[in-house]
Amino acid sequence: QVQLVESGGGSVQAGGSLRLSCAASGYIYSSYSMGWFRQAPGKEREVVAAINSDGSTNYADSVKGRFSISKDNAKNTLYLQMNALKPEDTAAYYCAAYPPRSWAVVAQMREVSYWGQGTLVTVSS
């Protein structure tokens, strides 16, 4: 069975940084993509960033230039480095694994193969 466990969330002032981690256990098919999604209060879940099996990445326009997704295959861990945080970044952040899809399709996905439990990020102004 695959399990994803997020960590690294917390409270930070606007302009600050956080690094989220997602530790994966179990086997994830090598072709799968992994991504970070978030859900802010009163809003639908949205994709933040994704990384594919070939190493290519995609970012939501709202975080482009501020966030960076990466993974360490040896440690079986996914990361999201978040810089220049804004109050609108406040949300529960979830990591996920799913079959490869175009970015346009990923942005509309409601379901994925595996979800983590989430970690809360709160950014104050």
Side-chain angles (χ1 to χ4, degrees):
Q1 294 182 345
V2 172
Q3 292 185 331
L4 304 174
V5 180
E6 301 96 335
S7 62
S11 298
V12 65
Q13 293 287 111
S17 298
L18 286 172
R19 188 194 194 201
L20 306 184
S21 298
C22 173
S25 62
Y27 176 75
I28 300 176
Y29 191 56
S30 60
S31 69
Y32 272 36
S33 298
M34 296 192 72
W36 288 96
F37 295 71
R38 69 185 182 187
Q39 187 165 23
K43 300 183 68 176
E44 295 184 345
R45 182 144 51 191
E46 63 177 348
V47 64
V48 175
I51 186 165
N52 303 307
S53 60
D54 64 358
S56 61
T57 59
N58 289 287
Y59 298 92
D61 288 342
S62 60
V63 307
K64 195 171 298 181
R66 299 188 297 119
F67 290 12
S68 180
I69 188 171
S70 62
K71 61 181 179 179
D72 185 334
N73 290 328
K75 296 182 178 180
N76 210 22
T77 302
L78 179 74
Y79 302 99
L80 184 68
Q81 178 66 47
M82 305 186 295
N83 299 321
L85 284 161
K86 303 175 180 179
E88 50 263 46
D89 294 319
T90 295
Y93 284 72
Y94 303 85
C95 67
Y98 48 91
R101 299 284 188 273
S102 70
W103 177 244
V105 172
V106 171
Q108 300 297 322
M109 287 196 314
R110 292 294 196 92
E111 303 291 340
V112 298
S113 296
Y114 308 104
W115 285 112
Q117 293 298 306
T119 185
L120 184 63
V121 172
T122 302
V123 184
S124 59
S125 60

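Every value quoted in this text rests on a predicted model; they were computed, and no experiment measured them. Note: hydrogens, waters and symmetry copies are ignored here, and every other heavy atom, side chains too, is used. Residues: numbered from 1 along the sequence shown.
- Residue pairs meeting the side-chain hydrogen bond (donor to acceptor under 3.5 Å, both in side chains) criterion with at least one member in residues 27-37, sequence neighbours excluded: S33-N52.
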Kindly list each side-chain donor-acceptor pair under 3.5 angstrom involving residues 102-120, sequence neighbours excluded, with atom names and distances?
from: S102; atom 1: OG; to: V105; atom 2: N; distance (Å): 3.3
from: T119; atom 1: OG1; to: G9; atom 2: N; distance (Å): 3.1

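- In this structure, NZ on K86 lies 15.5 Å from OG on S124, to the nearest 0.5 angstrom.
- In this structure E46 satisfies the salt bridge (Lys or Arg N to Asp or Glu O under 4.0 Å) test together with R38, sequence neighbours excluded.
- A donor-acceptor pair under 3.5 Å is formed between the side chain of E6 and the backbone N or O of C95.
- Taking OH of Y94 as the reference point, atom CG of L20 lies at 12.5 Å (rounded to 0.5 Å).
- Between the OG atom in S70 and the CG atom in L78 there is a gap of 7.0 Å [rounded to 0.5 Å].
- At least one side-chain heavy atom of V48 sits less than 4.5 Å from a side-chain heavy atom of F67.
- Here NZ of K71 is found 15.0 Å from OG of S21. Values are rounded to the nearest 0.5 Å.
- In this structure, CG in N58 is found 10.0 Å from CD1 in I51, a value given to the nearest 0.5 Å.
- Scanning for salt bridge (Lys or Arg N to Asp or Glu O under 4.0 Å) contacts around D61 gives K64, with sequence neighbours left out.
- Across every non-hydrogen atom of N83 and S17, the tightest pair is OD1-OG, 2.9 Å.
- The side chain to side chain contact (heavy atoms under 4.5 Å, CB included) check on V12 picks up L18, L85, V123, with sequence neighbours excluded.
- The two residues L80 and A49 have their closest heavy-atom pair at CD1-CB, 4.2 Å.
- Hydrophobic cluster membership differs between L4 and V47, with clusters built from Ile, Leu, Val, Met, Phe, Trp and Tyr side chains linked at under 4.5 angstrom.
- In this structure, Y59 contributes its side chain and I69 its backbone to a donor-acceptor pair below 3.5 Å.
- Atom CD of E88 has more than 12 heavy atoms from other residues, nucleotides or ligands within 6.0 Å.
- Residues M34 and Y93 share a single hydrophobic cluster, defined by chaining ILVMFWY side chains whose heavy atoms lie under 4.5 Å apart.
- For the salt bridge (Lys or Arg N to Asp or Glu O under 4.0 Å) test, residues two or more places apart in sequence or in another chain that qualify with R66 are D89.
- The CD atom of Q39 lies 8.0 Å from the CD atom of E44; values are rounded to the nearest 0.5 Å.
- In this model, no donor atom of one side chain and acceptor atom of the other lie less than 3.5 Å apart for D72 and T77.
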